[in-house]
2 protein chains.
Amino acid sequence: MNKRTQLEAAGWRVGDNADFLELSAEETAFVELKLALADYLREIRVQHAWTQAYVARVLGSSQSRVAKMEAADASVSIDLLLKSLLKLGASRKQVGQVIARVA
Amino acid sequence: MNKRTQLEAAGWRVGDNADFLELSAEETAFVELKLALADYLREIRVQHAWTQAYVARVLGSSQSRVAKMEAADASVSIDLLLKSLLKLGASRKQVGQVIARVA
DNA sequence: CGATGATATGTCAGTTTCGACATAAGGTCA
DNA sequence: TGACCTTATGTCGAAACTGACATATCATCG
């Protein structure tokens, strides 16, 4: 899944390239930051060979919401992503590094 | 303002030390992460000698909300803090470093 | 081809967060 | 002291987010 597909899935209107560039620098940075956290969440889950359903139980949430977290869905907040990452064992430092790492 | 006072202001029940320790490791990490972002927001504003009212205009928000952001008020999300920081010119990298820097 | 397990998508009611406003509290100057 | 500027706190209706559920899609077996 490429970045643009991810952005669209995340609920951002992305038409032609001109539309794509409509996002301001901060908006782009914010969305990509969110995508990075979502990817990291999936990475942690996959590396542990956990299912979304299992992660949902650990987090006190549902499988569908975990799927949406990993997809950086528009209905998912960064608060939720951060809380989830920390609860799954990620450290503040690791999270910060994921955020600081600019693609 | 010390960390505990900040936590209380942010809406976290903090009684004696035992109560203070009731927060799980992830909860503590999350709250401190939020406080770090709030402090960073204030730092940026003060360094530029901006008033909260001015920052509010730039962000398209209100002075009271900016005050609450800097206080890491419970009604302020990390999404809002991140969007605000980016809009004020902070880079993803800088934000990540603030988050990664563990007190 | 099913059947089974995993992941994705759509929706909803309850909760949280939002900007805005009013107003209180501090600080500084004359 | 009081006028003025800045920051803090409380509240509200509107908007966004949440967990949950149903259901769809996808992959991997036999």
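Chain letters run A, B, ... following the sequence lines, proteins first, then strands; residues in each count from 1. Computed from a prediction, not measured in an experiment: that's the story for all the values here.
- Protein atom CD of A:Gln52 is 14 Å distant from nucleotide atom P of D:dG19, rounded to whole Å.
- Taking both residues in full, the closest heavy atoms of B:Asp73 and B:Ser75 are given as OD1-N, 2.7 Å, listed atom of the first, atom of the second, then distance.
- A tilted orientation is assigned to the rings of A:Trp50 and A:Tyr54, their planes being inclined by 30° to 60°.
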CA sep, side-chain torsions, deciding dist, call: B:Leu85, B:Val98, side chain to side chain contact (heavy atoms under 4.5 Å, CB included): CA-CA 11 Å; B:Leu85 286 168; B:Val98 167; over 6 Å; no
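- Note: NZ (B:Lys87) to C1' (C:dC18) measures 13 Å, nearest angstrom.
- Interface remark: the B:Ser64 side chain does form a donor-acceptor pair with the C:dC21 base, using a distance-only criterion of under 3.5 Å.
- Within the 3.5 Å criterion, the main-chain N or O of B:Leu81 finds no donor-acceptor partner in the side chain of B:Lys34.
- Here B:Val66 lies out of heavy-atom contact (under 4.0 Å) with every strand.
- In this structure, the CD1 atom of B:Ile78 is 11 Å from the P atom of C:dC18, given to the nearest Å.
- The nearest heavy atom of DNA chain D to B:Ala67 and to B:Asp79 marks one nucleotide each, and the one closer to the 5' end goes with B:Ala67.
- Between B:Ser77 and C:dC18, a side-chain N or O to OP1/OP2 separation shorter than 4.0 Å is present.
- For B:Thr51, counting side-chain heavy atoms from C-beta on, the closest listed nucleotide (D:dT6, D:dA8, C:dT9) is D:dT6.
- Here the C1' atom of nucleotide D:dA16 and the CZ atom of A:Phe30 are 12 Å apart, to the nearest Å.
- Checking the phosphate oxygens (OP1, OP2) of D:dT9, no side-chain nitrogen or oxygen of B:Arg65 falls inside 4.0 Å.
- In this structure, the CD atom of B:Glu70 is 11 Å from the C1' atom of D:dT6, given to the nearest Å.
- Using a 4.0 Å heavy-atom cutoff across all strands shown, B:Ser62 reaches at least one base atom of the nucleic acid.
- Spacing between atom CE of A:Met69 and atom P of C:dT7 amounts to 14 Å, rounded to whole angstrom units.
- A donor and an acceptor atom sit less than 3.5 Å apart, one in the side chain of A:Lys68 and one in the base of C:dT11.
- At whole-Å resolution of the value, CG in A:Asp73 and P in C:dC12 are 16 Å apart.
- In terms of heavy atoms, B:Val95 sits closest to B:Leu86 at CG2-CD2, 4.5 Å.
- The listed nucleotides are D:dC17, C:dG19, C:dT7; the one nearest the side chain of B:Ser61 is C:dG19.
- Put simply, CD on A:Gln63 is 15 Å from P on D:dC26, counting in whole angstrom units.
- In this structure, of D:dT18, D:dG19, C:dT7, it is C:dT7 that holds the atom nearest to the side chain of A:Arg42.
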